[in-house]
Amino acid sequence: MIRLEKVSSVNFRQCINLKVAKDQEQFIAPNMYTIAEAYVEEHLIPYAIMVEEEVVGLLATENIPDEMEEDRFWIPRFMIGEKYQRKGYGKEAMQEIIQNLTKDPTCYRIRLSVVPDNKQAMNFYKNIGFISTGIIAHGEEIMEYIVK
């Protein structure tokens, strides 16, 4: 059973030391970058994905109230550490963050972007319920989850 905790002084070091597999590094920003970006981007909130007291992944959300409906809610970062992959933690964490975001009555869709060559991530997000928008931004494909 996973839980999400905001990145804090308690879990910071575990978060920055967590790495993906070598062949995945080209597809995602380092966790240090995500945490630093949250310091300067007021709407970006990084979360440690926890199993018991161990950090197994990192994700970040954005809720930008002034944006148009389709661009209001984002999951701009999502990663599971290499040794924790293929254990169901990613699926459970994604379902948890979708459930958390959709508690906001203005959340009608959630977006994220994926490097098109990252077929593993594309399939993962499709299996969760994300669909391609056909939009490419900054070299990444925009996918969205429509809230029912």
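These numbers come from a predicted model, not from an experiment.
- Relative orientation of the F130 and Y145 rings is tilted, given thresholds of 30° and 60° on the angle between their planes.
- Put simply, the side chain of N118 never gets that close to the backbone of V114: no donor and acceptor are under 3.5 Å apart.
- Criterion: ILVMFWY side-chain heavy atoms under 4.5 Å apart, direct or through other members. Under it, F124 and W74 are not part of a common hydrophobic cluster.
- We find the CD-CD1 distance between E144 and I146 to be 4.0 Å, quoted to the nearest 0.5 Å.
- No side-chain heavy atom of L101 sits less than 4.5 Å from a side-chain heavy atom of N63.
- Using a 4.5 Å heavy-atom cutoff, the side chains of I2 and L4 are in contact.
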Task: Full working for side chain to side chain contact (heavy atoms under 4.5 Å, CB included) between D117 and F27 - done: CA-CA 8 Å; D117 290 340; F27 299 127; 4.0 Å; yes
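- The line from OG1 of T102 to CD1 of I110 is 6.0 Å long, rounded to the nearest 0.5 Å.
- For S9, there are no side chain to side chain contact (heavy atoms under 4.5 Å, CB included) partners at least two apart in sequence or on another chain.
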TODO: Give the intermediate values and the outcome of side chain to side chain contact (heavy atoms under 4.5 Å, CB included) for residues E62 and R72.
DONE: CA-CA 8 Å; E62 272 187 309; R72 192 169 293 154; over 6 Å; no
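- Using a 4.5 Å heavy-atom cutoff, the side chains of V115 and Q26 are not in contact.
- Looking at M94 and I75, their side chains come closer than 4.5 Å, going by heavy atoms from C-beta outward.
- The closest side-chain heavy-atom distance from E82 to K19 is not below 4.5 Å.
- With rounding to the nearest 0.5 angstrom, the CG atom of N127 is 8.0 Å from the NZ atom of K91.
- Residues I142 and I136 do not share a hydrophobic cluster, defined by chaining ILVMFWY side chains whose heavy atoms lie under 4.5 Å apart.
- For the pair A60 and T34, the tightest heavy-atom approach, listed with the atom from each and the gap, is CB-CG2, 3.9 Å.
- Proximity of L44 to P76: side-chain heavy atoms (C-beta onward) are separated by under 4.5 Å at one or more points.
- Atom-to-atom distance recorded for Y89:OH and E54:CD is 8.0 Å, nearest 0.5 angstrom.
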TODO: Evaluate side chain to side chain contact (heavy atoms under 4.5 Å, CB included) for E5 paired with N11, printing each intermediate quantity in order.
DONE: CA-CA 9 Å; E5 289 184 5; N11 57 33; 3.5 Å; yes
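- M79 and I98 end up in the same hydrophobic cluster when Ile, Leu, Val, Met, Phe, Trp and Tyr side chains are linked at under 4.5 Å.
- At least one side-chain heavy atom of R111 sits under 4.5 Å from a side-chain heavy atom of I135.
- Under the 4.5 Å side-chain heavy-atom criterion for grouping Ile, Leu, Val, Met, Phe, Trp and Tyr, V20 is connected to M32 within one hydrophobic cluster.
- S113 and E141 share no donor-acceptor pair across their side chains, judged by distance under 3.5 Å alone.
- Annotation for G139 and P116: closest pair O-CD, 3.3 Å, computed over non-hydrogen atoms.
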Task: Steps toward side chain to side chain contact (heavy atoms under 4.5 Å, CB included) verdict (L18, V56) - done: CA-CA 7 Å; L18 198 62; V56 301; 5.6 Å; no
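- Using a 3.5 Å distance cut-off with no hydrogens or angles, the side chains of Q24 and Q85 do pair a donor with an acceptor.
- Under a hydrophobic clustering in which Ile, Leu, Val, Met, Phe, Trp and Tyr are joined whenever their side-chain heavy atoms come within less than 4.5 Å, directly or via other members, F12 and I45 fall into the same cluster.
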- [ ] Carefully, step by step, assess R77 and E37 under the rule salt bridge (Lys or Arg N to Asp or Glu O under 4.0 Å).
- [x] CA-CA 11 Å; R77 298 288 188 291; E37 188 177 24; 3.0 Å; yes
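- Nearest approach of C15 to I35, heavy atoms of both residues: CB-CD1, 3.9 Å.
- Residue pairs satisfying the side chain to side chain donor-acceptor pair (under 3.5 Å) criterion with at least one member in residues 44-53, sequence neighbours excluded, are listed as follows: R3-E53.
- Residues E92 and E96 are not in side-chain contact: their nearest non-hydrogen atoms beyond the backbone lie 4.5 Å or more apart.
- Tested against F78, the residues I28, L58, I49 include a single side chain to side chain contact (heavy atoms under 4.5 Å, CB included) partner, I49.
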